[in-house]
Amino acid sequence: MAWNADRTSDAFLRVLIGLARRVPYKTRVHLFGWLTGWVVAPLAGYISKAVRNLQLIHPEMSSAEAKRIARRVSVNFGRSIIENYSKDDLSEVLKNSTVGGPGLAAFKDALAEGRGVLAVSGHIGNYETLRVAIHNMGYPVAALYRPAKNPYFNEHYKTTMESLTGPAFAQSRKGVVSFTRHVKNGGVAAMLFDVRATSYPDISFFGYPAPTSTFAAEMAMKTGALLLPIFTHRCEDGIHHDVHFETPIAHTNPREMTEEMTRRLEAQIRRFPDQWLWVHDRWGSEDLRARRANRSDTP
């Protein structure tokens, strides 16, 4: 049989996860974080990508400091991966973590009234913990996800997403319709909005234009759902998490609402710069940013 890169990388990841799950939970989380931060991330080029983005936003930052933050980002990401493959353990940890904030009452009130809730967040902390924390309260949570390019990995990625809290819908026409229906019927759904979406307009993110989807705001207005930013961060012990329900975002217009979501995320990243996924190609290359700026300036 011909060598298949996707199948091989997926098999390697499955073996790695299988071995990690044989050790106690806390050791597992720390071990997987170390492997990702010190082995996988450098080999995959994640450290250098994160350093470039950090120094784009913080030109005064030294390479040594940027590299330190990039390493911690990669460790956090590795910990998050294995946590999400350890749902029962993560659920127990969250029962002893801080889950609250000024938006929690509005969240419960909306659901009591039969109004759907759309939770929005970014790639900070272990962003999946917000769904598990809500599930611990007794509310199933639907997710909208971007299918992985590796079809073998995507198979168990989707299964893992669904096992965490409830249905997971792919970003496709059919998936979006089902996701929207879930919210319109009074359910809870969660999605991340901080990925580069080139078919949408630029919104300033840390002072640089970043193509940002306004879909969450549009859907909240269409369904009448509560638009609720929820952010998580990892505690110093590396195991526990804080899940923070912010005040809801008022329905005005999609751009204003998305700008407000972005400002909220910026504030979280400033507090926890080593927990946001700086490896994302959020702003694009300098050439791409210039070309988008020229297009937007054209009458």
Side-chain angles (χ1 to χ4, degrees), residues 6 44-59 70 73 77 118-124 127-128 142-151 153-154 157-158 161 168-180 183 189-223 227 229 231 249 252-269 273 276-299:
D6 285 344
Y46 295 157
I47 300 295
S48 57
K49 285 182 181 179
V51 167
R52 283 198 299 272
N53 281 329
L54 280 159
Q55 292 188 312
L56 169 69
I57 303 306
H58 304 288
V73 166
F77 182 57
L118 179 57
V120 289
S121 193
H123 290 81
I124 188 166
Y127 37 88
E128 299 292 1
L144 187 67
Y145 73 98
R146 180 178 292 183
K149 293 180 180 178
N150 184 328
F153 172 78
N154 191 70
Y157 174 62
K158 180 178 187 294
M161 291 274 289
F169 302 108
Q171 288 183 3
S172 63
R173 183 181 298 274
K174 181 180 178 181
V176 167
V177 168
S178 298
F179 184 77
T180 304
V183 176
M191 63 176 293
L192 306 175
F193 68 91
D194 60 338
V195 295
R196 189 157 63 96
T198 54
S199 61
Y200 285 88
D202 287 329
I203 286 179
S204 177
F205 186 44
F206 284 106
Y208 284 86
T212 306
S213 172
T214 56
F215 169 74
E218 292 164 2
M219 195 182 88
M221 294 187 72
K222 179 179 180 180
T223 62
L227 185 62
F231 299 107
I249 292 177
T252 53
N253 66 68
R255 184 176 181 93
E256 286 184 6
M257 294 161 73
T258 305
E259 287 175 342
E260 177 62 18
M261 288 157 51
T262 302
R263 300 291 79 77
R264 303 273 190 104
L265 176 60
E266 284 181 345
Q268 291 295 318
I269 297 170
W276 186 66
L277 205 57
W278 289 93
V279 300
H280 270 177
D281 189 16
R282 186 66 185 92
W283 296 272
S285 66
E286 184 176 354
D287 179 62
L288 178 62
R289 294 196 303 273
R291 282 190 279 117
R292 285 181 64 88
N294 288 337
R295 286 201 302 270
S296 65
D297 291 340
T298 301

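Residue indices begin at 1 and follow the sequence shown. Because the structure is a prediction, the values reported are computed rather than measured.
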If you round to the nearest 0.5 Å, how far is [atom2] of [Y] from [atom1] of [X]?
X: T180; Y: M219; atom1: OG1; atom2: CE; value: 5.0 Å
X: T262; Y: I269; atom1: OG1; atom2: CD1; value: 9.5 Å
X: S178; Y: L144; atom1: OG; atom2: CG; value: 10.0 Å

Can you tell me if OH on Y127 sees more than 12 non-hydrogen neighbours from other groups inside 6.0 Å? yes
Sorted by chain and residue number, the side-chain hydrogen bond (donor to acceptor under 3.5 Å, both in side chains) partners of T214 (sequence neighbours excluded) come out as E218
T252: side-chain hydrogen bond (donor to acceptor under 3.5 Å, both in side chains) partners, not counting sequence neighbours: E256
Kindly give the heavy-atom pair with the smallest separation between [X] and [Y], and that separation in Å.
X: G207; Y: E266; result: N-OE2, 4.5 Å
X: F231; Y: S121; result: CD2-OG, 3.6 Å
X: G45; Y: S48; result: O-OG, 2.9 Å
X: A217; Y: T258; result: CB-OG1, 3.8 Å
X: W283; Y: F205; result: NE1-O, 3.1 Å
X: P229; Y: I249; result: CG-CD1, 3.6 Å

Which residues pass the side chain to side chain contact (heavy atoms under 4.5 Å, CB included) test with [X], sequence neighbours left out?
X: I47; answer: A41, P42, V51, K67, A70, R71, S74
X: V279; answer: Y46, A50, L277
X: A189; answer: L118, A142, F179, H182, V183
X: A190; answer: A119, L130, R131, V141

What residues, two or more places apart in sequence or in another chain, satisfy ring pair (Phe, Tyr, Trp, His ring centres under 6.0 Å) together with F193? none
Residues passing the ring pair (Phe, Tyr, Trp, His ring centres under 6.0 Å) test with H280, sequence neighbours excluded, are H123
Among residues at least two apart in sequence or on other chains, which ones pass salt bridge (charged side-chain N to carboxylate O under 4.0 Å, His left out) with R52? none
Residues passing the salt bridge (charged side-chain N to carboxylate O under 4.0 Å, His left out) test with E260, sequence neighbours excluded, are R264
Test Y208 against every option in D202, N53, I57 by the side chain to side chain contact (heavy atoms under 4.5 Å, CB included) rule and name the one that passes. I57
With sequence neighbours left out, which residue pairs that include part of residues 190-200 fulfil the salt bridge (Lys or Arg N to Asp or Glu O under 4.0 Å) condition? R196-D281
Is a donor on one side and an acceptor on the other found under 3.5 Å between the side chain of W278 and the backbone of P273? yes
Using atom types as modelled and distance alone, determine if a side-chain donor or acceptor of W276 lies under 3.5 Å from a backbone N or O of G122. no
T212 vs R255, test: side chain to side chain donor-acceptor pair (under 3.5 Å). Steps then yes/no. CA-CA 10 Å; T212 306; R255 184 176 181 93; over 6 Å; no
V195 side chain reached by R282 side chain, heavy atoms, under 4.5 Å: no
